[in-house]
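The analysis underlying the following values was restricted to heavy atoms, covering all of them including side chains, and did not include hydrogens, waters or symmetry mates. Whatever order the structure lists ligands and atoms in, that order sets their numbers, starting from 1.
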Amino acid sequence: MAMMQTWLQILILCLSIILTAGEGIQHENTSFSFIFNHFNATTTIKYVADASLQSNAIRLTNHSDRLVGRAFYDKAIPMKRNGSVISFSTSFIFAMVPQRKSGGGDGVCFIMTPTPLLNGGVASQYLGLVNMSSDGKEYNHLFAVEFDTMESIGMQEKDSNHVGIDLNGVKSLLAESAGYWEQNRFTPIKLKSGHNIRAWIDYDGASKQLEISIAAIGEARPQKALVSKKDLDLNGIMQEYMYVGFSASTGSSPLVEDHYILAWSFTTGNNKASDIDILHLPSFYVKNRKFYKSTKFIYITIICSMAFILGLILSAFYWVKRMDYIEFYEKWELQYWPQRFNYRKLNLATKGFRDDNLLGYGGFGRVYRGTLPSGDEIAVKCITKDFTQGMQEFMAEISSLGRLQHRNLVHLRGWGRKNTRLFIVYDYMFNGSLERNLFSPELNLTWAQRYRILTDVAAGILYLHEEWEKCVVHRDIKSSNVLLDHDLNGRVGDFGLARLYDHSEKPQTTHLVGTLGYIAPELIHSGKASPSTDVFRFGALMLEVACGRKPVDAQGVILVQWVWDLYADERLLEAVDQRLGDDYDKIKVEIVLILGLMCSNPDPNERLSMRKVLQVLCGEASLPTSLRVPSAFELSRIDIADLNSFTATPLNLSE
Ligand SMILES: *[C@@H]1O[C@H](CO)[C@@H](O)[C@H](O)[C@H]1NC(C)=O
Ligand SMILES: *[C@@H]1O[C@H](CO)[C@@H](O)[C@H](O)[C@H]1NC(C)=O
Ligand SMILES: *[C@@H]1O[C@H](CO)[C@@H](O)[C@H](O)[C@H]1NC(C)=O
Ligand SMILES: *[C@@H]1O[C@H](CO)[C@@H](O)[C@H](O)[C@H]1NC(C)=O
Ligand SMILES: *[C@@H]1O[C@H](CO)[C@@H](O)[C@H](O)[C@H]1NC(C)=O
Ligand SMILES: *[C@@H]1O[C@H](CO)[C@@H](O)[C@H](O)[C@H]1NC(C)=O
């Protein structure tokens with residue numbers, strides 16, 4: 001009994017040793033597994049055709065046309081034990097990344113094949129598995145699970161988003177639309193979304209059952225398989241050793257996509273494939289990828305570039321406009337700088353030289369009213385005369401005249417220049433010119449006002465002639481150049497400006513300056529302006545003010561001659577302006593008329609000096625008694641001067 005027991009024990013022991021040894025052998029010989037949570041240069045993967053390593057993933061194809069790529073674990077794996085196919089289990093993560101929303105194709109497959117080569121596999125609907133002639137042939141010994149994103153014509157495929165079992169070719173033994181089951185509820189998965197998708201493939205060698213599941217990354221393995229095939233005998237397919245891996249292909253653009261395998265675990269035997277670490281996987285899904293390829297994007301790009309171009313054009317315009325304001329100074333201008341006005345400032349002050357701001361036309365150009373930022377009112381004379389020469393000398397004079405300061409001169413504030421346009425800036429005179437005040441029907445200066453204005457003008461001219469550091473000859477004294485400020489003080493304007501004619505003309509031509517009826521006869525002959533010729537003009541002005549008549553009236557009557565004639569007839573007071581009525585001081589009117597005659601004597605030696613004129617007007621000196629009536633010949637010289645010389649001059653006398 002004891003012997004029996006001992007033998008039994010020995011038997012059990014031996015059996016168990018054999019059994020455990022057998023298990024150990026079975027395990028050692030038939031179980032094989034690996035896991036790649038990512039791929040790198042050292043991972044034992046064999047890349048075939050267009051497949052390559054990219055971003056720690058296997059990229060079977062990119063999105064070029066008609067590519068085929070395969071990748072295998074680089075060792076053949078024993079798939080049979082004692083002549084029958086053993087169980088295997090694999091899990092992997094793939095991504096199919098189309099380049100266009102409407103595009104994407106063809107697909108990726110898990111494959112088991114006897115050779116790690118391309119083996120004649122072609123692109124497009126053949127998925128890199130087989131070619132037209134080898135499709136379906138038993139010699140392929142090909143087991144594949146396709147994740148197909150094309151509905152291939154003539155292959156009775158379910159749709160363009162399916163998972164199928166393929167044996168020896170691309171015609172699926174069984175296929176299902178991609179998705180997963182969750183308590184009898186099916187949720188589709190779009191394979192070519194670009195998102196990472198996880199797949200599980202399990203084959204039970206004993207029951208010959210194949211189960212395939214897929215799920216979005218992060219989801220648990222579905223309880224119910226997507227594709228389940230019972231009694232699938234793979235004995236004819238599998239050889240002793242098989243290479244495992246993947247195959248993918250692309251079609252023709254836009255039916256192309258990138259195919260990636262991001263992680264992979266595989267095992268044979270009865271164990272399930274190890275779980276993959278999904279946390280550190282790359283993502284090939286690009287947000288808004290489709291947007292960049294969309295027509296909307298193209299439109300927006302076009303609109304943006306048009307807006308950009310428009311912006312460029314506008315800024316170019318702005319720049320050009322700015323350039324218009326940029327002033328170029330010549331070296332000599334800098335010494336007159338302090339009185340120089342910037343063109344931009346003048347442009348602003350006169351609101352862009354608008355017609356609303358036009359005060360009138362002067363001998364040289366337009367005059368505009370303007371307001372400086374300080375609130376000061378200015379008058380800007382725009383001289384459009386072409387200065388080919390003499391500009392520099394003239395500017396030197398103008399800027400020295402800017403230093404003239406007298407209460408009876410219109411204050412010259414400065415000047416500006418813009419290319420060939422010259423601007424002279426004066427204080428604005430509220431009551432306009434003496435001419436306007438004398439001859440406008442709505443205005444009626446009283447005698448007292450007229451007398452005071454004449455005294456003012458005389459003081460201003462005297463200052464120009466004698467009281468400043470240099471003798472300044474005005475050259476163009478006339479009622480329109482006498483301006484009245486807001487208190488009706490007379491102020492002489494435009495002094496020195498007449499020299500513009502000299503400067504801008506060729507030096508050899510002596511040019512006469514002045515306005516008809518104000519020109520001293522000797523000026524015609526000598527061409528030399530002097531204080532005395534200014535006195536002549538002032539004399540004419542005095543007569544004009546007292547008589548309320550223009551120096552040359554519409555009938556061509558020359559005022560100076562007319563008054564001389566009246567004086568000769570002792571009818572002097574008949575010359576007095578009718579508009580004054582009786583409301584004037586007869587003595588003072590007579591003084592003004594006689595002074596006017598004395599000053600506008602054709603003989604320069606008979607004329608008074610401005611000092612004397614002012615003294616008489618102010619009552620500081622008495623009227624000189626010797627008033628010689630000029631001869632008819634002398635008087636006629638005024639006539640000749642006016643009629644012959646001035647009708648032919650090119651001067652603008654229309655002021
Ligand atoms: C490649 O992957 C293996 C396995 O994960 C890892 O041990 C190795 O360090 C990696 N090599 C490089 C160069 O990243
Ligand atoms: C795609 O891969 C092929 C083959 O590897 C290569 O010739 C081609 O330049 C690649 N195209 C792109 C867009 O990367
Ligand atoms: C192998 O198969 C043969 C016959 O097919 C059988 O007799 C034998 O028991 C099998 N061995 C194992 C270990 O399954
Ligand atoms: C098709 O594939 C087989 C191998 O499977 C190969 O021998 C044959 O040359 C291929 N045919 C073409 C046209 O590529
Ligand atoms: C002008 O004013 C004076 C008073 O200074 C007056 O006597 C005369 O009638 C006025 N003349 C006109 C035309 O208004
Ligand atoms: C002169 O100008 C001032 C201020 O603008 C005004 O009040 C006055 O009425 C004007 N005088 C004449 C005579 O126009």
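Annotation for ligand 6: atoms under 4.0 Å from non-hydrogen atoms of Asn431 are 1 (C), 2 (O), 3 (C), 8 (C), 10 (C), 11 (N), 12 (C), 14 (O). Near Ser133, the atoms of ligand 4 lying under 4.0 angstrom from a non-hydrogen atom of the residue are 1 (C), 11 (N). The contact set between ligand 4 and Gly120, taken as ligand atoms under 4.0 Å from a residue heavy atom, comprises 2 (O).
Residue, atom and distance of the protein heavy atom nearest to atom 5 (O) of ligand 6 are Phe430 CB, 3.8 Å. In terms of protein heavy-atom proximity, atom 6 (C) of ligand 4 is closest to Asn131 ND2, 4.1 Å. Protein heavy atom closest to atom 4 (C) of ligand 2, with residue, atom name and distance, is Asp50 OD1, 3.5 Å. The protein atom (non-hydrogen) at minimum distance from atom 12 (C) of ligand 2 is Asn62 ND2, 3.1 Å.
Relative orientation of the Phe246 and Phe92 rings is perpendicular, given thresholds of 30° and 60° on the angle between their planes. Taking the six-membered ring where tryptophan is involved, the planes of Phe32 and Phe34 are perpendicular, since the angle between them exceeds 60° and thus also 30°.
For the pair Lys46 and Tyr73, the cation does not sit on the ring face, since its NZ or CZ is not both under 6.0 Å from the ring centre and inside 45° of the axis.
Less than 4.0 angstrom separates atom 2 (O) of ligand 2 from at least one non-hydrogen atom of the protein. For atom 14 (O) of ligand 6, the nearest protein heavy atom lies closer than 4.0 Å. For atom 9 (O) of ligand 4, the nearest protein heavy atom is 4.0 Å or more away.
For an aromatic pair to be called close, the ring centres must be under 6.0 Å apart, and Phe147 with Phe110 fails this.
For a threshold of 3.5 Å applied to N or O pairs, the pair formed by Ser64 and ligand 2 contains at least one separation below that value. At least one N or O atom of Asn119, backbone or side chain, sits closer than 3.5 Å to an N or O atom of ligand 4.
Applying the 6.0 Å contact sphere to NZ of Lys351 captures no more than 12 heavy atoms from other residues, nucleotides or ligands. In Tyr241, the OH atom is not crowded: 12 or fewer heavy atoms of neighbouring residues, nucleotides or ligands sit closer than 6.0 Å.
A donor-acceptor pair under 3.5 Å is absent between the side-chain atoms of Thr61 and the main chain of Leu67, judged by distance alone. For Asp106 (side chain) and Ala248 (main-chain N/O), no donor-acceptor pair under 3.5 Å exists by modelled atom type.
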